[in-house]
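This one's a predicted model, so the numbers in the text were calculated from it and none came from an experiment.
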Amino acid sequence: SVDPFALFCSEDSNGCHLEVYPRPEGDVYVCGCGGSRHLPRKDIEKLDPSEVVHDPKRVAAAMTSFRGMSPSLAKDTPDVAQACMRPCTDDGMPMMGRIPN
């Protein structure tokens with residue numbers, strides 16, 4: 001059993017800044033592989049969702065980082081590896097209020 005507390009880590013020697021989320025059924029969701037690149041809005045608007053794929057090298061780095069933190073919970077390979085697009089503002093500051101069109 002894993003305690004139900006999320007863990008937010010600073011960047012480590014593998015270039016990861018892991019976020020660790022235990023799930024009620026016993027799985028552990030890990031994200032924050034690092035190595036993300038910033039895409040301008042015009043490039044995101046043209047991006048086909050099928051082109052958003054995980055980087056196997058970054059997944060391996062995250063697994064190494066997680067294994068160093070929790071050898072008893074880490075596996076050799078993840079059950080699922082995926083990628084997502086997280087919106088970011090050009091200046092890196094949070095966007096508050098109504099989002100302009």
Which atom names give the shortest non-hydrogen contact between [X] and [Y], and what distance separates them?
X: I44; Y: L39; result: CD1-O, 3.5 Å
X: N14; Y: S65; result: ND2-OG, 2.8 Å
X: K75; Y: M63; result: O-CE, 3.0 Å
X: A83; Y: H54; result: CB-N, 3.4 Å
X: F5; Y: P22; result: O-CD, 3.3 Å
X: A74; Y: R67; result: CB-CA, 3.5 Å

For this session: Could you check if a side-chain atom of V59 sits within less than 4.5 angstrom of a side-chain atom of P78, using non-hydrogen atoms only?
Result: yes
Exercise. With hydrophobic residues grouped by side-chain heavy-atom distances under 4.5 Å, do L18 and L73 end up in a single group?
Worked result: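 Linked within one cluster.
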For this session: Could you tell me the separation between the CD atom of Q82 and the SG atom of C31, rounded to the nearest 0.5 Å?
Result: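 Atom-to-atom, Q82:CD and C31:SG are 9.5 Å apart.
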For this session: Please name the residue in the list E19, M69, H17 that meets the side-chain contact (heavy atoms from CB on, under 4.5 Å) test with C9.
Result: M69
For this session: Start with the C-alpha distance between C16 and F66, add both sets of side-chain angles, then the distance that settles side chain to side chain contact (heavy atoms under 4.5 Å, CB included), and finish with yes or no.
Result: CA-CA 9 Å; C16 299; F66 185 58; over 6 Å; no
For this session: Measure up the Y21 and F8 rings against each other and bin them: parallel (under 30°), tilted (30 to 60°), perpendicular (over 60°).
Result: perpendicular
